[in-house]
Amino acid sequence: MGVTTAPVLSGWTPVRVDWRDGTAVVDWCRTDGVPFTEPFFDQTVETCFRHPFRLLFRQQTSIDDLGTFAATHPGLEPAGFVFHMSRCGSTLVSQMLASTSAHLVLSEAPPIDSLLRAPGAGPRAEWLRWMMAALGQPRGPARRLFVKFDAWSALQLPLVRRAFPEVPWIFLFRDPVEVLVSHMRRRGAHVIPGALPAETFGMTAADVARLSPLDYAAAVLARICEAALEWTDDSHATFVDYSRLPGFVVGELLDAWSVRLSGGDCQRMREAAERDAKNSAVPFLRDAARKRAQATDEITAAADRWLGPVYERLWHAQ
Amino acid sequence: MSSDAFAEFRRAVLADPELQEDLLATEGRREFIERAAERAQALGFEVDQADVEAALRTGRREWNQRWV
């Protein structure tokens with residue numbers, strides 16, 4: 001009779017979830033000793049892969065093995081979630097939170113996205129808790145975990161709230177003209193027609209085909225914002241406009257999330273706000289006025305048509 | 001080839017903590033390829049340095065081809 005040995009996963013981190021014939025396969029990379037300090041999770045994975053061992057020798061397990069691991073290796077409890085409409089300061093917020101070694105911040109981790117959009121039926125809330133435990137394993141001096149989700153994950157708020165009913169969260173948004181100017185300059189994946197399935201945003205393929213690329217982008221952003229607006233009565237939710245950053249983070253956000261930091265950590269957080277969130281070698285520049293100046297008549301019209309009313313509702317939700 | 005032999009070697013590595021630590025402690029891509037081939041052959045696997053390099057290229061290509 002064969003004996004199956006349970007995989008040893010301590011010191012390993014899920015980096016991907018694949019679906020094969022409707023079954024989840026979790027792909028793990030050896031990450032012990034690697035600090036998770038890059039702005040995005042994918043960048044941390046690339047850092048890991050600099051050592052060929054970590055690229056070449058990964059483990060693939062079932063999702064049940066993920067559950068077994070989570071049961072015996074509880075991760076840090078999430079202290080706050082960041083949802084956002086994209087191009088609205090979410091990376092600035094996550095980098096400010098990550099500026100102290102007391103915090104582990106997961107930013108747009110693909111394994112989380114994969115489970116949020118898992119095909120078919122399955123205990124997705126439970127899977128999500130298992131994945132959060134595996135990703136949020138204690139790392140160095142970190143004692144708090146924060147998670148920034150992908151922009152389109154706002155449409156999965158019902159699932160996230162069911163899985164983590166006590167975790168506070170914020171929804172970041174920004175003047176739609178500024179966001180659309182940013183996307184027209186360098187499009188995010190979620191605003192490219194066909195990059196994500198149409199049903200991700202409650203659309204059909206026919207809906208997508210009818211829209212110009214600009215209108216599709218605006219429609220997607222509107223769906224993200226509308227999804228968040230369904231939660232304005234949630235006592236765990238805070239809605240924040242970009243114009244309130246970065247001061248909001250060091251002040252109201254830490255209070256709302258009951259996070260107490262030392263004076264040194266607060267100073268590090270303020271200094272992080274002075275650097276470009278995606279490239280710490282570059283100083284942060286406020287570019288709202290520049291973006292509005294770059295807006296074409298078409299961008300302004302699309303922002304008004306698709307996002308005008310929703311932006312007003314978001315503003316009043318603050 | 002050796003892709004089957006490499007797959008078997010990979011399974012052996014994942015089952016052997018000492019072997020994992022030895023390979024993880026080997027810095028430098030060239031040094032790693034040499035060490036991996038050396039350890040594989042010591043275990044009786046028909047894996048040479050070219051096989052390790054090919055596995056690295058395949059692994060990188062497969063990782064890069066995942067959807068955005």
Side-chain angles (χ1 to χ4, degrees), chain A residues 3-12 14-20 25 27-34 40-42 45-61 65 108-111 113-114 117 119 150-152 187-197 200, chain B:
Chain A
V3 175
T4 303
T5 307
V8 175
L9 295 169
S10 185
W12 297 70
V15 292
R16 190 166 72 185
V17 178
D18 291 319
W19 297 92
R20 300 175 194 169
V25 176
D27 188 339
W28 301 71
C29 173
R30 179 88 182 256
T31 59
D32 49 353
V34 178
F40 293 94
F41 183 84
D42 269 349
V45 175
E46 284 300 326
T47 297
C48 290
F49 286 174
R50 283 187 202 147
H51 195 304
F53 176 92
R54 295 197 179 97
L55 171 65
L56 207 48
F57 296 105
R58 304 202 308 272
Q59 300 196 59
Q60 281 77 46
T61 74
D65 284 332
E108 301 182 9
D113 176 51
S114 290
R117 295 188 298 115
D150 292 289
W152 57 88
R187 288 169 205 259
H190 56 298
V191 301
I192 298 172
L196 286 173
T200 304
Chain B
M1 180 234 280
S2 350
S3 59
D4 288 342
F6 191 87
E8 288 178 29
F9 173 56
R10 180 187 276 122
R11 277 191 285 275
V13 170
L14 293 177
D16 186 340
E18 182 276 328
L19 182 46
Q20 290 178 34
E21 295 309 313
D22 181 42
L23 292 174
L24 199 49
T26 306
E27 296 291 342
R29 182 184 172 92
R30 175 52 45 195
E31 291 78 1
F32 172 84
I33 290 169
E34 288 173 3
R35 186 66 176 156
E38 184 183 297
R39 291 297 306 255
Q41 288 162 23
L43 288 169
F45 296 104
E46 288 185 12
V47 170
D48 59 21
Q49 292 185 30
D51 295 327
V52 178
E53 280 199 88
L56 279 168
R57 282 196 302 272
T58 300
R60 172 48 75 179
R61 186 172 60 247
E62 287 175 350
W63 179 262
N64 289 347
Q65 284 173 353
R66 80 198 188 284
W67 87 281
V68 64

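Chain naming here is simple, since letters A, B, ... match the order of the sequence lines and numbering starts at 1 in each. Treat the numbers as computed from the prediction; the structure is a model and nothing was measured.
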Next item on the list: Check each atom of Trp12(A) against the heavy atoms of chain B and say whether the ones under 4.5 Å are side chain, backbone, both or neither.
Entry: side chain
Notebook entry, point to check: Does the side chain of Phe53(A) reach to within under 4.5 Å of the side chain of Val13(B), using non-hydrogen atoms?
Noted result: yes
Next item on the list: Tell me, out of Arg58(A), Gln59(A), Arg54(A), who's got the most heavy-atom pairs with chain B below 4.5 Å.
Entry: Arg58(A)
Check: Looking at CZ of Phe9(B) and CG of Leu56(A), how far apart are the two atoms once the value is rounded to the nearest 0.5 Å?
Finding: 8.5 Å
Next item on the list: Go through the atoms of Leu14(B) and report whether side chain, backbone, both or neither lie under 4.5 Å from a heavy atom of chain A.
Entry: side chain
Next item on the list: Would you check if Trp63(B) and Glu46(A) make a side-chain contact, meaning some heavy-atom pair closer than 4.5 Å?
Entry: yes
Next item on the list: Would you confirm whether His51(A), through its side chain, and Ala25(B), through its main-chain N or O, come within 3.5 Å as a donor-acceptor pair?
Entry: no
Check: For Asp18(A), is it the side chain, the backbone, both, or neither that has a heavy atom closer than 4.5 Å to a heavy atom of chain B?
Finding: neither
Item checked: Choice from Glu27(B), Arg60(B), Arg29(B) maximising heavy atom contacts with chain A below 4.5 Å -> Arg60(B)
Note to self: With a 4.5 angstrom heavy-atom cut-off, is it the side chain or the backbone of Glu31(B) that approaches chain A, or both, or neither?
What the structure shows: neither
Next item on the list: Heavy-atom distances under 4.5 Å only: say whether Val45(A) touches chain B with side chain, backbone, both or neither.
Entry: side chain
Margin query: Can you tell me which portion of Thr58(B) sits under 4.5 Å from chain A's heavy atoms? Options are side chain, backbone, both or neither.
Written below: neither
